[in-house]
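See below for the structure under consideration.
All ligand and atom numbering here is 1-based and tracks the order in the structure.
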Amino acid sequence: MADIGKVLRDRLAAAFETVTGSTVDPALRRSRFGDFQADGAVGRPDGRAVAAAVVATVELDDLCSDVSVAGPGFVNLTLSERALADRLAAAAADPRLGVSTVEPETVVVDYSGPNAAKEMHVGHLRSTVIGDAAVRVLEHLGHAVIRQNHLGDWGTNFGMLVEHQAGGAELDPADMSAFYAAARRRFEADPDFQERSRRRVVRLQAGDPDTIAQWRTIVSTSQVYLLSVYDRLGVRLRESDFAGESRYNAALDGVVDDLLAKGLLRESDGALCAFLDGFNAPLIVRKRDGGYGYAATDLAAVRYRVDVLKATRLLYVVGAPQRQHLEMVFALARAAGWLPASVRAEHIAFGSVLGTDGKMLRSRLGAAIKLTELLDEADTRAGAIGIDALKYADLSSDRVKDYTFDFDRMLATTGDTGPYLQYAHVRVCSIFRRGDVDAVGNDFAITHPAERALALELLEFPGVVARVGETLEFHKLTTHLHAVAVSFSAFFEQCRVLEAPEPVRASRLALCALTARTLRAGLDLLGMAAPSKM
Ligand code: ARG
């Protein structure tokens, strides 16, 4: 059964169209006057008359007990008790809680994307958490999701790293930064080492077996570290999801040849560049030294994702500072015909992580903060709840904005936090335990205003999930779940449940059960646990 908001919206839109002869967004929202309010007529000179005509035209007898006009053209709608009960029963009877599956697409989600031989930083943490929620929501909606972890595992740096390792140094998955820092120090202090590192790059690119073996060790050790972080975070990235930059090496000559043949590249200062309309900088596809960089790899990845993986939607969960890079890659790929109009490519951008001082998050010593330190602290403070709290804090902020990392706030049991939602779920579960209830019916009779508010909130879940599948604005899902938890707590304060007389008791228990399932399903989509005791 389609979600109630959508049904109302569609019927109102049809009535608006009949009345005005044009397409009008009914602008439906929840309201304290009635259950919903449609503002589509407000703001036009004939607003009140249009609203009245819409009310006269719209077919809502089966759903609403009252539809009326107010003020300059508001349409207030009140659901009938029957309709409300029917909708709740349908949601409760559905294992998917009313969330419908959609026309399935093959969606590539490019997320996490850390760099080999380096510590993950907080930006990668955001990408990992947001990308994983995207995977969960899209899979739940019925899409075929392919995770692609675009690991930075290639580039001139690896000459230095291989040379350092060949000299006996070892990369330790438990302390990634030491190896890189030591290699860097040697590189800067020792001209001979520098020269050997340069020769290593050449041998690496030429596929010299010994050098490749050394490089592979660095990459696989890095993967051990990364997989341990993913495990701690409880995200779905596996070893088989690594699709590092190096995978595209063999395709890079072809990228350049094809772009040249299509007349899309120009030489500039020895480099091959694409000058794209609407951008103030060129995209460098081949560097002056003949090497390929980040852009060439991303172009090859687009081709692979479209041609081989057959994706029709490409999501890049990457920090906002890379907007221009990705937009240029998409524009060039479109111009080359590699990204047909039938394929969407979207930058799922996110802002920086700031400390409570409003500056970029740094450790006390001023160094870039290590991800594992953050996880350790979350863990020490609250165990698995702490890690979930950290994920929730990330997902509940408007992702394109910078977000403030604050353990005290994210771990609070009140407010819009992970623990608050998890406690709400625990509270509902404890009702069933206390009352020794094992079976819940599907008969709803909603009379109390607090029950009604909770019921209306619960009915919004399917619509919210469907929209988040499009926009990937997870804060809309967290806001909704938070509203469910808040409405539940108001309901529980004002309405007796276990002590209520039948049939009210059964209806209220059914409402509690639907609340618990909604919270659980929502938390699961966010990649969070829903314990029944805490
Ligand atoms: N490794 C990159 C970084 O650390 C992120 C990769 C994002 N994905 C991509 N296809 N460019 O900034």
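The aromatic rings of Tyr230 and Phe242 sit tilted, their planes meeting at an angle between 30° and 60°. Ring geometry for His482 against Tyr420 counts as tilted: the plane angle lies between 30° and 60°, on a 0 to 90° scale.
Residue-ligand proximity, Val318 to ligand 1, at heavy-atom distances under 4.0 Å covers atoms 7 (C), 8 (N). Taking every non-hydrogen atom of Tyr316 and a distance limit under 4.0 Å, the qualifying atoms of ligand 1 come out as 10 (N). Within the listing of ligand 1, atoms 1 (N), 2 (C), 3 (C), 4 (O), 5 (C), 6 (C) sit less than 4.0 angstrom from a heavy atom of Gly113. Here is the list of ligand 1 atoms found below 4.0 Å of a heavy atom in His124: 3 (C), 4 (O).
Ion pairing between a basic and an acidic side chain is recognised when a charged N comes within 4.0 Å of a carboxylate O; Arg30 and Glu460 show such pairing. Between Lys476 and Glu473, at least one side-chain N (NZ, or NE/NH1/NH2) sits under 4.0 Å from a carboxylate O, which counts as a salt bridge.
For His121, the heavy-atom gap to ligand 1 stays at 4.0 angstrom or more. Within the 4.0 Å heavy-atom cutoff, Tyr294 counts among the residues contacting ligand 1. Within the 4.0 Å heavy-atom shell around ligand 1 one finds Gln322.
Within the 4.0 Å heavy-atom criterion, the part of Asn115 lying near ligand 1 is the side chain and not the backbone. For Asp298, every heavy-atom contact with ligand 1 shorter than 4.0 Å involves the side chain, none the backbone.
For the pair Arg200 and Phe158, the cation-pi criterion (under 6.0 Å, within 45° of the ring axis) is not fulfilled.
Looking only at protein heavy atoms, the nearest one to atom 8 (N) of ligand 1 is Asp110 OD1, 3.2 Å.
With Arg334 as reference, Leu339 is the one residue of Val302, Leu339, Leu276 to meet the side-chain contact (heavy atoms from CB on, under 4.5 Å) rule.
For the residue pair His140 and Asp524, no side-chain donor N or O sits within less than 3.5 Å of a side-chain acceptor on the partner.
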